[in-house]
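Input: a single structure, listed below in structure tokens.
For reference, positions follow the sequence shown, starting with 1.
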Amino acid sequence: MLLNKIQRLSIIVSVAVLFACGKQQQAPQTPPPVPVVVEKVKTGDASFYEEYPVIIRALNEVELRPQVSGYITAIHFKEGDEVKKGQKLYSIDPQVAQGNYQQAVANLSVQETNLIKATKDVERYRELSKRDAIAKQQVDYAEATYEAAKKQVDAAKASVSGVQTSVRYSTIVAPFDGTIGISAVRLGASVSPGTTLLNTISSDDPIAADITVDQSAILKFTQLSRNKAANDSTFRLAFSADVYPHNGHISIIDRAVDPQTGTIRMRLTFPNKDHALRPGMSGTLRVLTTTAESVTVPYKAITEQLGEFFVYVADSSKVSQRKVKLGKQVGRSVIIRDGLKGGETIVTEGVQNLREGSAIAVTAPTANKN
């Protein structure tokens, strides 16, 4: 009997001890503060380049096409050369045009002879008519013949002028200074008026760079277009890692916004003395932009969650997570468009170990190994 009581008491004591141990294990433990580095948010002027896709185009470009038919009898240039306005480029076999010209001149001579005869006849008949020595009907015939002869002379002169134009068109000349491309025809090729492409000439210096921007940027580019200083570096061209060494300026802002896209076209011009830029090249236009009183923070202070960006704002010994809107990255910093104000304190190192409400212990920043 006594033994049973002792056993029951032992069991009760054991259960009490186990319960006490379980309570002790379930007691919450406060995590230690997270070591972090903090920094005050700064405001000030920020300069950076905005980038736009750009296409290089010639300010002047023309396709050369013949205006007479025939065969190419001579090519007077070297492909890829610079040519001058009025320089002879192609010759088209002029035999047909010259034959037509000679025929037109001969016809003009005949018509002028007919006019001389008709003039003499009508003058003689007019004198006879004054003395009633000739029938009025004959005078009328003479007058009609004289008028017809004058019109035939005029028609013959027009024909001669037209054929002369054809003879001139048998020689193709450069319409302006520029660079001529690879010829599309060779010696002996048959060409037709208006359809056969001979070559293309484009101007080189200066050269154009075309961009398309959103209508919201019109005011900004209008103000930038007033600055055309030779040493201004507002507009630069880049092709992969290479930056074009010369600066450009805005020459044309299109007259209207495209209502379908809400964008507007703009043209800039760049010096191209060395012909480093060629029509058809594509690259990037860098536009130097300066913003005043911008809020900037180190980019390493930014965390991303599901496409949204946050910073941890430090308040004495804890942090709170705050959503921000990012602007342009400037070096190792980024402009904050919304969500922070100058003078606030944020965590710049140790953010990967933080969550909302985490306790922090501020430490000295790590040495910059770079």
Side-chain angles (χ1 to χ4, degrees), residues 44-63 80 82 176-179 181 200-296 299 309 325-338:
D45 295 346
S47 295
F48 54 90
Y49 280 102
E50 292 184 331
E51 297 184 343
Y52 300 87
V54 67
I55 298 294
I56 303 302
R57 303 190 189 279
L59 288 174
N60 289 315
E61 185 173 278
V62 66
E63 293 181 343
E82 294 183 47
F176 53 78
D177 294 353
T179 298
T200 301
I201 294 179
S202 59
S203 60
D204 302 301
D205 186 24
I207 201 163
D210 289 355
I211 62 171
T212 300
V213 302
D214 187 83
Q215 59 184 355
S216 61
I218 292 177
L219 179 59
K220 168 188 171 181
F221 277 89
T222 300
Q223 294 172 339
L224 291 175
S225 67
R226 297 170 185 157
N227 186 358
K228 297 184 179 181
N231 60 350
D232 178 55
S233 59
T234 301
F235 302 104
R236 303 295 299 272
L237 288 173
F239 303 92
S240 297
D242 298 325
V243 178
Y244 187 61
H246 304 293
N247 306 319
H249 65 269
I250 296 175
S251 61
I252 301 172
I253 298 178
D254 206 356
R255 63 168 192 87
V257 172
D258 185 337
Q260 301 295 324
T261 62
T263 59
I264 191 168
R265 295 183 301 170
M266 299 185 187
R267 170 163 290 180
L268 296 92
T269 55
F270 287 81
N272 191 33
K273 185 177 181 181
D274 297 331
H275 298 178
L277 301 180
R278 300 297 178 108
M281 292 175 65
S282 60
T284 301
L285 177 71
R286 296 180 177 178
V287 182
L288 182 62
T289 302
T290 301
T291 59
E293 294 302 312
S294 295
V295 174
T296 58
Y299 203 89
F309 300 94
K325 292 183 179 180
L326 304 186
K328 189 71 176 179
Q329 186 171 350
V330 184
R332 296 184 178 182
S333 299
V334 62
I335 296 175
I336 302 298
R337 292 164 46 205
D338 189 32

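- Between Phe270 and Ile56, the closest side-chain pair of non-hydrogen atoms is not below 4.5 Å.
- Screening residues 200-223 for ring pair (Phe, Tyr, Trp, His ring centres under 6.0 Å) gives Tyr52-Phe221 as the qualifying pairs, with residues at least two apart or on separate chains.
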Derivation of the side-chain contact (heavy atoms from CB on, under 4.5 Å) call for Leu268 and Val54: CA-CA 10 Å; Leu268 296 92; Val54 67; 6.0 Å; no
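- To the nearest 0.5 Å, atoms OG1 (Thr212) and CD1 (Ile55) are separated by 9.5 Å.
- Listed by chain and residue number, Glu50, Thr289 satisfy the side chain to side chain donor-acceptor pair (under 3.5 Å) test with Lys220 (two or more places apart in sequence, or in another chain).
- For Asn272, the side chain to side chain donor-acceptor pair (under 3.5 Å) criterion is met by no residue, not counting sequence neighbours.
- In this structure, the separation between OG1 on Thr222 and CD1 on Ile253 is 4.0 Å, given to the nearest 0.5 Å.
- The two residues Thr269 and Pro206 come nearest to each other via the heavy atoms CB-CB, 4.5 Å.
- Residues satisfying the side chain to side chain donor-acceptor pair (under 3.5 Å) test with Ser202, not counting sequence neighbours, are none.
- In this structure, the salt bridge (charged side-chain N to carboxylate O under 4.0 Å, His left out) partners of Glu63, at least two apart in sequence or on a different chain, are Arg65.
- With values rounded to the nearest 0.5 angstrom, Asn60 atom CG is found 11.0 Å from Ile207 atom CD1.
- Listed by chain and number, the residues in a ring-ring contact (aromatic ring centres under 6.0 Å, His included) with Tyr244 are His246 (sequence neighbours excluded).
- Sorted by first and then second residue, the pairs that involve residues 242-259 and meet salt bridge (charged side-chain N to carboxylate O under 4.0 Å, His left out), not counting sequence neighbours, are Asp254-Arg265.
- In this view, His275 satisfies the ring-ring contact (aromatic ring centres under 6.0 Å, His included) rule with no residue, not counting sequence neighbours.
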Let me have the donor-acceptor pairs involving side chains of residues 280-287, under 3.5 Å, with sequence neighbours excluded, atom names and distances please.
none

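- For the pair Asp214 (side chain) and Ser216 (backbone), a donor-acceptor distance under 3.5 Å is present.
- Separation of atoms CZ (Phe235) and NE2 (His249) is listed at 9.5 Å; rounding is to 0.5 Å.
- With values rounded to the nearest 0.5 angstrom, Leu237 atom CG is found 9.5 Å from Asn247 atom CG.
- Remark: Ser240 pairs with no residue by the side chain to side chain donor-acceptor pair (under 3.5 Å) rule, at least two apart or across chains.
- Counting heavy atoms from C-beta outward, Glu61 and Thr200 have side chains that approach closer than 4.5 Å.
- How far CD1 of Ile211 is from CE of Met266: 6.0 Å, rounded to the nearest 0.5 Å.
- Considering only residues two or more places apart in sequence or on other chains, Arg267 meets the side chain to side chain contact (heavy atoms under 4.5 Å, CB included) condition with Arg57, Leu59, Ala208, Asp210, Ser251, Ile252.
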